[in-house]
Amino acid sequence: MKREIICTNCPMGCPLTVEYEDGKILSITGNTCKNGITFGTNEVLCPKRTITSIVKVTNRDMMLSVKSASELPKERIFEFMDIINKTSVTAPVKTGDVIVADIGGTGIDIVATKSIR
C-alpha cells in the first residue's frame with residue numbers, strides 16, 4: 001500500500017510517500033532529513049496526537065485549559081474527549097496538576113496548563 005502525507009516534524013513540511021505492507025514499512029521517500037523517516041513510520045503504523053481541551057471549573061465562572069502529558073493513540077481521541085468533556089475541577093488548580101489520571105488506561109495523564117487561584 002502507499003500513503004501520501006506531509007511531515008510536520010519540522011517547518012520544512014516535506015511531502016512523504018510511505019509504502020508499507022503487513023504492518024511493515026517498505027520505503028519512505030520525499031524526506032529531506034532523517035526525522036521524516038521517523039515521522040512517516042509513526043504516522044502510518046501508530047499515529048498519535050497531543051490532546052488540548054478545556055474543563056469546567058465548578059467554583060468559578062471560567063474554564064481550565066488542559067492537555068495530554070504526552071501523545072495519545074489517534075484512533076481513541078473521541079473516547080478520550082468524552083472523558084475530558086465529562087470532567088470538572090474545583091479551584092485552586094496549579095499548572096501541571098493532574099486533572100484526569102491514566103486516561104483510558106494509557107498511563108498518560110491529562111494535566112492543567114494554567115493555574116487558577
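Worth knowing before you read on, the calculation uses all heavy atoms, side chains too, and leaves out hydrogens, waters and symmetry mates. Numbers here simply count residues along the sequence, with the first being 1. Only a predicted model underlies this, so the values are computations on that prediction, with no experimental measurement involved.
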- Message: Could you go through Val111 and Val66, starting from their C-alpha distance and side-chain angles, then the distance that decides it, and tell me whether this counts as side chain to side chain contact (heavy atoms under 4.5 Å, CB included)?
- Response: CA-CA 5 Å; Val111 298; Val66 297; over 6 Å; no
- Counting only N and O atoms by type, is there a donor-acceptor contact under 3.5 Å from the side chain of Asn42 to the main-chain atoms of Phe39? no
- Message: Does atom CE (Met12) have a neighbourhood of more than 12 heavy atoms from anything else shown, all under 6.0 Å?
- Response: no
- Query: Donor-acceptor pair, Asp97 side chain versus Val93 backbone, under 3.5 Å?
  - Reply: no
- Message: A side-chain contact here means heavy atoms from C-beta on lying under 4.5 Å apart; do Phe80 and Pro73 qualify?
- Response: yes
- Val89 pairs by side chain to side chain contact (heavy atoms under 4.5 Å, CB included) with which of Val100, Val57, Asn59? Val57
- Determine, step by step, whether Ile103 and Ile84 satisfy the side chain to side chain contact (heavy atoms under 4.5 Å, CB included) criterion, reporting the C-alpha distance in whole Å, the side-chain angles of both residues, the deciding distance to 0.1 Å, and the verdict. CA-CA 9 Å; Ile103 193 163; Ile84 292 168; 4.0 Å; yes
- Roughly how far apart are Ile37 CD1 and Ile25 CD1, rounded to 0.5 Å? 10.5 Å
- Task: Please check if the side chain of Ser68 supplies one atom and the backbone of Ile51 the other of a donor-acceptor pair under 3.5 Å.
- Result: yes
- Query: Any idea which heavy atoms bring Cys7 and Gly36 closest together, and the distance?
  - Reply: SG-CA, 4.0 Å
- Task: Determine whether Leu45 and Ile77 fall in the same hydrophobic cluster, where Ile, Leu, Val, Met, Phe, Trp and Tyr are linked whenever their side-chain heavy atoms lie under 4.5 Å apart.
- Result: no
- Query: Which heavy atom in Gly30 sits nearest to a heavy atom in Cys14, and how many Å separate them?
  - Reply: O-CB, 3.5 Å
- Query: Taking all atoms of both residues into account, what is the closest heavy-atom pair of Glu21 and Leu26, and its distance?
  - Reply: CB-CD1, 3.9 Å
- Task: Specify the closest pair of heavy atoms between Ile116 and Met63, including all atoms of both residues, with the distance to one decimal.
- Result: CD1-O, 4.3 Å
- Task: Please examine the side chains of Lys74 and Lys48, heavy atoms only from C-beta on, and report whether any two atoms are closer than 4.5 Å.
- Result: no
- Message: If you define the side chain from C-beta out and look only at heavy atoms, does anything of Leu16 sit under 4.5 Å from Ile6?
- Response: no
- Measuring from Ile28:CD1 to Lys34:NZ, what's the distance to the nearest 0.5 Å? 14.5 Å
- Item | Lys94 atom NZ: more than 12 heavy-atom contacts under 6.0 Å | no
- Met81 CE to Leu72 CG distance, which is reported to the nearest 0.5 Å: 11.0 Å
- Query: Does some side-chain heavy atom of Ile99 sit less than 4.5 Å from a side-chain heavy atom of Thr87?
  - Reply: yes
- Does CE belonging to Met62 count more than 12 external heavy atoms closer than 6.0 Å? yes
- Message: Using only atom types and a distance under 3.5 Å, with no angle test, would you say the side chain of Arg60 pairs donor to acceptor with the backbone of Pro92?
- Response: no
- Query: For the side chain of Asp109 and the backbone of Asp102, is there at least one donor-acceptor N/O pair under 3.5 Å apart?
  - Reply: yes
- Item | Electrostatic pair Glu43:Arg49 at N-O distance under 4.0 angstrom | yes
- What's the verdict on side chain to side chain contact (heavy atoms under 4.5 Å, CB included) for Val18 and Lys2, showing C-alpha distance, side-chain angles and the deciding distance? CA-CA 6 Å; Val18 181; Lys2 186 191 290 189; over 6 Å; no
- Donor-acceptor contact below 3.5 Å, side chain Ser88 vs main chain Thr58: no
- Query: For the residue pair Glu71 and Ile108, what are the closest heavy atoms and their distance?
  - Reply: O-CD1, 3.1 Å
- Item | Heavy-atom closest pair, residues Arg117 and Ala91 | O-CB, 3.7 Å
- Message: Please report the interatomic distance CZ(Arg76) to CD1(Ile83), rounded to the nearest 0.5 Å.
- Response: 7.5 Å
